[in-house]
Amino acid sequence: SMDDRQAGRAAAQFLIRKGHKKIGAVFKADDGQGHLRYQGYMEVLLEAGIEVREENILWIATGDVEEMERDQSRYLARLKGVTACVCYNDTVASKLMDICLQSGIRIPDDLSVMGIDDADISRDLSVPLTTVHNPLQRLSGELILKMIQGEPVPEVNEMEGAIVERESVKPYGA
């Protein structure tokens, strides 16, 4: 599996390296991945001495993802004043970017948006999404081949994701 805590850390660290200090977030509350990604995000902000503002963090449920555009005022209000946002995954990031663009918020000029997973959609958005790559697909294929060949495979394998930089994040103040 992907090391979800590390993925949250990587996303937050990347935004901090780009000069962002007001970093909001959208995480899923009804699964372990969301909590681990949040944990990594929080660790990095605290380590960097960045004030954590709970009013800039949104918690959603799986069913909320399809309804995000209907509740756009909530998202815009919670992210007011932030310069960047870490999203639970690329689908959430995509929907958040749509909400922002419909409201006249330019990505990345007004708000840098970061996803996690490097889903296929992340390349094809109107503003290609900067994301943390999930190495699971490649790894799964390699493990299956080893199993077919009778080679031993580890029972637990947590992989770290790497940043895939596209166009949805820009340096703060640039």
Side-chain angles (χ1 to χ4, degrees), residues 1-18 20-68 75 78-79 82-99 107-108 111-125 128-144 146-147 153-166 168-169:
S1 67
M2 181 175 186
D3 184 339
D4 290 301
R5 189 176 133 270
Q6 181 274 333
R9 287 184 63 84
Q13 286 170 335
F14 181 78
L15 292 171
I16 291 169
R17 281 195 306 272
K18 293 291 185 179
H20 295 278
K21 290 185 170 62
K22 295 179 180 177
I23 304 170
V26 181
F27 291 106
K28 282 176 60 178
D30 60 351
D31 72 12
Q33 279 184 318
H35 290 277
L36 289 169
R37 291 173 181 188
Y38 168 77
Q39 181 183 2
Y41 156 86
M42 287 293 292
E43 288 171 357
V44 167
L45 267 59
L46 293 171
E47 289 167 5
I50 294 175
E51 179 185 6
V52 176
R53 301 187 62 191
E54 285 298 320
E55 63 265 21
N56 295 138
I57 300 171
L58 288 113
W59 286 99
I60 61 174
T62 299
D64 295 337
V65 175
E66 294 303 318
E67 306 295 321
M68 283 178 68
Y75 291 89
R78 295 296 296 258
L79 296 175
V82 302
T83 63
C85 183
V86 173
C87 293
Y88 165 79
N89 66 15
D90 296 343
T91 301
V92 170
S94 167
K95 292 190 177 287
L96 179 66
M97 290 188 343
D98 286 345
I99 289 168
I107 309 296
L111 179 70
S112 289
V113 176
M114 184 90 194
I116 297 175
D117 285 338
D118 194 21
D120 291 340
I121 63 162
S122 62
R123 291 180 278 293
D124 301 326
L125 299 171
L129 182 64
T130 298
T131 184
V132 179
H133 176 73
N134 186 339
L136 186 58
Q137 291 178 335
R138 178 188 56 79
L139 177 65
S140 296
E142 291 173 7
L143 291 176
I144 290 170
K146 285 184 177 184
M147 291 169 66
V153 295
E155 287 185 35
V156 176
N157 199 342
E158 275 197 332
M159 302 293 296
E160 289 191 4
I163 300 294
V164 178
E165 190 169 358
R166 295 194 180 98
S168 67
V169 172

Asks: Quick one: are Cys87 and Ile116 in side-chain contact, heavy atoms under 4.5 Å?
Replies: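 Side-chain contact under 4.5 Å: no.
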Asks: Tell me whether the NZ or CZ atom of Arg9 lies within the 45° cone about the ring axis of Tyr41 and under 6.0 Å from its centre.
Replies: no
Asks: Is it true that a side-chain atom of Gln6 and a backbone atom of Gly40 form a donor plus acceptor pair closer than 3.5 Å?
Replies: no
Asks: Run the side chain to side chain contact (heavy atoms under 4.5 Å, CB included) check on Ile163 and Gln13 step by step: do they pass?
Replies: CA-CA 10 Å; Ile163 300 294; Gln13 286 170 335; over 6 Å; no
Asks: Are any of the side-chain nitrogens in Lys21 or Glu51 under 4.0 Å away from the carboxylate oxygens of its partner?
Replies: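 Salt bridge flag = no for Glu51 with Lys21.
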Asks: Give, for atom CE of Met114 and atom CD of Glu165, the distance between the pair rounded to the nearest 0.5 Å.
Replies: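 Output value for this atom pair is 8.5 Å.
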Asks: If we ignore hydrogens and angles and just use 3.5 Å, is the side chain of Arg123 paired with the main-chain N or O of Leu129 as donor and acceptor?
Replies: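 Not confirmed, Arg123 side chain does not pair with Leu129 backbone.
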Asks: Does any non-hydrogen side-chain atom of His20 lie less than 4.5 Å from one of Val82?
Replies: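 They are not in contact (no side-chain heavy atoms under 4.5 Å apart), so the answer is no.
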Asks: Could you give me the CA-CA distance, side-chain angles and deciding distance for Asn56 and Lys22, then say whether side chain to side chain contact (heavy atoms under 4.5 Å, CB included) is met?
Replies: CA-CA 9 Å; Asn56 295 138; Lys22 295 179 180 177; over 6 Å; no
Asks: For the atom pair CD1 (Ile50) and CG (Leu45), what is the distance rounded to the nearest 0.5 Å?
Replies: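 Here the rounded value is 4.5 Å.
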Asks: Hey, would you say the Phe27 and Tyr88 ring centroids sit under 6.0 Å apart?
Replies: no
Asks: Within the structure provided, determine whether Gln39 and His35 are in side-chain contact (heavy-atom separation under 4.5 Å).
Replies: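 Gln39 vs His35: side chains apart.
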Asks: Taking side chain as C-beta onward, heavy atoms only, is Val65 less than 4.5 Å from Thr91?
Replies: yes
Asks: So, do Ile60 and Tyr75 sit near enough that their side-chain heavy atoms are less than 4.5 Å apart?
Replies: yes
Asks: Enter the distance from Ile23:CD1 to Leu79:CG here, rounded to the nearest 0.5 Å.
Replies: 12.0 Å
Asks: Between Ser122 (side chain only) and Asp90 (backbone N and O only), is there a donor and an acceptor less than 3.5 Å apart?
Replies: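 No; zero donor-acceptor contacts below 3.5 Å.
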Asks: Do Val26 and Cys85 make a side-chain contact, defined as non-hydrogen atoms from C-beta onward lying under 4.5 Å apart?
Replies: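 In contact.
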Asks: State, without any angle test, whether Thr131 and Asp118 hold a side-chain donor-acceptor pair at a distance under 3.5 Å.
Replies: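 Result is no, nothing qualifies.
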Asks: Would you please name every residue forming a salt bridge (charged side-chain N to carboxylate O under 4.0 Å, His left out) with Glu55, sequence neighbours left out?
Replies: Arg53
Asks: Could you tell me whether a side-chain N or O of Ser168 sits under 3.5 Å from a main-chain N or O of Thr130, the two making a donor and an acceptor?
Replies: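 It does hold such a pair.
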Asks: With a 4.0 Å cut-off on N to O distance, would you call Asp64 and Lys28 a salt bridge?
Replies: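 Salt bridge absent between Asp64 and Lys28.
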Asks: Please assess Val86 against Tyr38 for the test side chain to side chain contact (heavy atoms under 4.5 Å, CB included), listing each intermediate value before the final yes or no.
Replies: CA-CA 9 Å; Val86 173; Tyr38 168 77; over 6 Å; no
Asks: CD/Glu160 to NE2/His133 distance, rounded to the nearest 0.5 angstrom?
Replies: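 The CD atom of Glu160 sits 13.0 Å away from the NE2 atom of His133.
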Asks: Heavy-atom distance under 4.5 Å between the side chains of Leu111 and Thr83, does that happen here?
Replies: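 A side-chain contact under 4.5 Å is absent here.
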Asks: Look at Lys95 together with Glu67 and state whether they make a salt bridge at an N to O cut-off of under 4.0 Å.
Replies: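 Result for this pair is no, no salt bridge flagged.
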Asks: Using side-chain heavy atoms (C-beta onward) and a distance below 4.5 Å, is Asp117 in contact with Val132?
Replies: no
Asks: So Met42 and Glu47, side chain to side chain contact (heavy atoms under 4.5 Å, CB included) or not? Walk me through it.
Replies: CA-CA 8 Å; Met42 287 293 292; Glu47 289 167 5; over 6 Å; no
Asks: Is any NZ, NE, NH1 or NH2 atom of the basic residue among Arg37 and Asp3 found under 4.0 Å from an Asp or Glu carboxylate oxygen of the other?
Replies: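 Answer for the salt bridge query: no.
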